[in-house]
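Residue numbers start from 1 in every chain, and the chains themselves are labelled A, B, ... in the order their sequence lines are given, proteins ahead of strands.
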2 protein chains.
Amino acid sequence: MLRLSKLTDYATVILSFMAREKTQVAAMEIAAVTGIALPTVSKILKSLVNAEVLVSTRGAKGGYALARMPEEISVATVINALEGPIALTECSISHQGCEQALGCDIGGNWSLINQTIHNALESVTLADLIRPAVLPNEVFIPVSSLYR
Amino acid sequence: MLRLSKLTDYATVILSFMAREKTQVAAMEIAAVTGIALPTVSKILKSLVNAEVLVSTRGAKGGYALARMPEEISVATVINALEGPIALTECSISHQGCEQALGCDIGGNWSLINQTIHNALESVTLADLIRPAVLPNEVFIPVSSLYR
DNA sequence: TTAAATAGGACTAGAATAGTCCAGAATTAT
DNA sequence: ATAATTCTGGACTATTCTAGTCCTATTTAA
């Protein structure tokens, strides 16, 4: 089904809320607003801090805030933060453990597909996600440009 | 990680072999060549027959063959055969069970991303996968064209 | 000093995936 | 006819992954 994990899905909901809010917010507040359980919200926020998508402030009156403008946070970055490197196949990440050597001379072309998808996800930002009307920027993804 | 299931990965290996082979082949032969266990190969082949990517002949001297030219079998079709509809989020498939109503006014823009990725996967065929040199056709995916 | 937050990690339960196996049906060869 | 070969369909198991929770430590404000 080529699906995103539930946590990544939550992350986009949380980030969209934060992008609209603009000010620092505490995990508890996010949990209350989104309806996602607090421990789960915390887990996601921690990942996003580690990926430098968010910055955190500890202690009383602490909380989380976007590390940069919504326009500068791509969907690819968010997925990466929660699920690791974006790649459809294992071998696209590392070719070391591939025992399928016999029938598999595919590698190179999968990386083409991976890059195409990565580009697609890189081209959509948090700002696009919160844009009320669905009128995307003109975005072209010339596959062959990946090789220049 | 946005990954493809292992079975889908196997499927591309199997189909690549079949595309090169051109003639009808038995499941056992495929298993032998690819190194994938026979029961697993069978399972995958069955799915591909159901999706009309392959045709099968039963009985002695039976086997499997591509249902159409490699150029006419897209990666999207293969993924679809093994994993169901291509969509990053649940709600892109059906919006009925979405309890996240509170924080979620995202829907529309996700479908944009989904379509972009679907187009990317639709544009790569089995023929591209077996092409030895990685020199893809010029493929443009204008996102906004999805809305015309 | 206390309360309010985040940080880090361990842990559990449940779901999904991968993989196997078997009984049945179709076709060919003997 | 009978046997051998090969796909069909589905049930089943084991393993892995994901989601979700919880606990302890650390930091900061009042």
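- For A/A26, there are no side-chain contact (heavy atoms from CB on, under 4.5 Å) partners two or more places apart in sequence or in a different chain.
- In this structure, the helix from C/dT1-D/dA30 to C/dT30-D/dA1 shows an angle of 10° between the axis at its start and the axis at its end, each fitted on 5 base pairs and rounded to 10°.
- Every residue two or more places apart in sequence or in another chain that forms a side-chain contact (heavy atoms from CB on, under 4.5 Å) with B/S74 is listed here: B/A76, B/T77, B/E122.
- A/R68 approaches A/I73 most closely through the heavy-atom pair O-CD1, 3.7 Å.
- B/A60 meets the side-chain contact (heavy atoms from CB on, under 4.5 Å) test with no other residue; sequence neighbours excluded.
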Scan nucleotides 10-12 of chain D against the protein and return all N/O pairs shorter than 3.5 Å with their distances rounded to 0.1 Å.
residue, atom, partner, partner atom, Å
D/dG10, O6, B/K46, NZ, 3.3

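- A/V55 belongs to no multi-residue hydrophobic cluster, having no ILVMFWY side-chain contact under 4.5 Å with any other such residue.
- In the hydrophobic clustering (ILVMFWY side chains linked at under 4.5 Å, chained through shared members), B/M28 is joined by B/L38.
- Partners of B/T8 under the side chain to side chain donor-acceptor pair (under 3.5 Å) rule, at least two apart in sequence or in another chain, are B/S5, B/E83.
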Taking only nitrogen or oxygen atoms into account, show me every contact under 3.5 Å that the protein makes with nucleotides 28-30 of chain D, one pair per line with its distance.
residue, atom, partner, partner atom, Å
D/dT28, O2, A/A60, N, 3.1

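- Note on B/Y10: every side-chain N or O is 4.0 Å or more away from OP1 and OP2 of C/dA18.
- Residues forming a side-chain contact (heavy atoms from CB on, under 4.5 Å) with A/Q24 (at least two apart in sequence, or on another chain): A/T57, A/A65.
- For residues 36-47 of chain B, there are no side-chain hydrogen bond (donor to acceptor under 3.5 Å, both in side chains) pairs, not counting sequence neighbours.
- For A/A26, whose side chain is taken as the heavy atoms from C-beta onward, the closest listed nucleotide among C/dA18, D/dT18, C/dT6 is C/dT6.
- A/M69 belongs to no multi-residue hydrophobic cluster, having no ILVMFWY side-chain contact under 4.5 Å with any other such residue.
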